Number of protein chains: 2
Amino acid sequence: MATASRQEILQAVLELFRECGYEGTSMAMISERTKLGKASLYHHFPGGKEQMRDELVKLLADWFRPRLEQLKDDATPPRGRVKVFMSELDSFFEGGQRGCLFAALAVGTAENGCRIELKDLMNLWISALAELAEKSGVPANDAQTRAEDCVAQLEGALLVSRIVGDKSIFKRALRQAPDMLFGSSRQLES
Amino acid sequence: MATASRQEILQAVLELFRECGYEGTSMAMISERTKLGKASLYHHFPGGKEQMRDELVKLLADWFRPRLEQLKDDATPPRGRVKVFMSELDSFFEGGQRGCLFAALAVGTAENGCRIELKDLMNLWISALAELAEKSGVPANDAQTRAEDCVAQLEGALLVSRIVGDKSIFKRALRQAPDMLFGSSRQLES
DNA sequence: CTGGCGTTGCCGAACGATTGGTATAATTTC
DNA sequence: GAAATTATACCAATCGTTCGGCAACGCCAG
């Protein structure tokens, strides 16, 4: 009767993690959200909550990787590629009201198993943007900092949007991202 | 002997919250960190963990408010004032490796009592920067977005610094903040 | 077609451990 | 000695997790 596939379960858990964080989400909450008994959850995920988190991180990586690859496809102009990527980020973060899995999992007790994966993924994200900026003529050292700042702006905008309840901040960060990467207006620091 | 004052307890709890989040921090952890029995903690904070959180938010506000007021002091040039504020932010966030209480408390279950206070405080922060930018000649509507983006950049840089383990990202956000607020290089959007 | 049988998915109930919280008594401090 | 502070022991509730069993499925032998 209450039959939910693995994907559906993970989707529900993702929503809960993004809203309540890893430690703030209990198996009881997951059970309630998925309409599945707790025992059923352990049937699909014998490793329990940790396995769910790990699979979600893997899912996150699977979402990012092909899109970061797509950024390197030289068939279309760089600005356009970034804009496409940003619009995908927009729908991925559902407009900004919901939190980010990165942020949700960055907070937590030390034995957080998946920190390395998160770090690697974020570095992958940054370096993809940096590479793109560099190929567009931005000096190498500046390209790296631009990419870092761009990702920081997006993540920060997501957080601020959530706290003050105004998603336009996140929307603006998406729009400004291309200029942060390529714009000539950026001051270099000594 | 182990007479930890309220301030010392709150300081320890602050560190734990910033590192592990609100739900990720247990009273047992607080007890261990402060070397105080749980009963002692409840003697100082009859309201338990919630009261600690609320008092920490109040402490956060008490830290911010005078410094935001100081931003409005027209005795010194605006850029200098912002730089001073940023260096204070630097020591407040201890160079960037530690997380932010805003971010730590933004994640959590819905009945999060202090969300309104956090929202108001962040709005206060933003509007103080916006007012400063406006007084320095930035058009009013642009000043608001600059301030929002500036705060987002700082919070995001803090998060990214923590995840990838490179505090230079946060340091750079501090340095670039004045330009984000006042710089003429920023593109307006249609 | 039938009858069993293993597999799969689900659930109620319960596990030990830990959660936040509270008695009450012993201790310190002044 | 009175007040403030701490420790010991305990509480119900909830935590993540596990167990045993039940219903429904496809599959193959007879």
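In what follows, chains are A, B, ... by sequence order, proteins preceding strands, each numbered from 1. Note that the coordinates shown come from a computational prediction; the quantities given were computed from them, not determined experimentally.
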Do [X] and [Y] sit within salt-bridge range, that is, some charged N less than 4.0 Å from a carboxylate O?
X         : Y         : result
Asp73(A)  : Arg81(A)  : no
Glu148(A) : Arg172(B) : yes
Glu55(B)  : Lys58(B)  : no

Nearest 0.5 Å, what's the CE-CG distance between Met27(B) and Leu41(B)?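 So the CE of Met27(B) and the CG of Leu41(B) are separated by 5.0 Å.
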CG/Leu129(B) to CZ/Phe85(B) distance, rounded to the nearest 0.5 angstrom? 6.0 Å
Any side-chain N or O of [X] less than 4.0 Å from the OP1 or OP2 oxygen of [N]?
X        : N       : value
His43(B) : dT22(C) : no
Ser40(A) : dC11(C) : yes
His44(B) : dA4(D)  : no

Polar pairs (N or O, both sides) under 3.5 Å between protein and nucleotides 9-16 of chain D?
from, atom 1, to, atom 2, distance (Å)
dG16(D), OP1, Thr25(A), O, 3.3
dG16(D), OP1, Lys49(A), NZ, 2.8
dG16(D), OP2, Met27(A), N, 2.8

In whole angstrom, give the distance that lies between atom [atom1] of [X] and atom [atom2] of [N].
X        : N       : atom1 : atom2 : answer
Phe45(B) : dT6(D)  : CZ    : P     : 11 Å
Leu41(B) : dT22(C) : CG    : C1'   : 13 Å
Ile9(B)  : dT6(D)  : CD1   : P     : 7 Å

Side chains of Pro77(B) and Arg79(B): closer than 4.5 Å at any heavy-atom pair? no
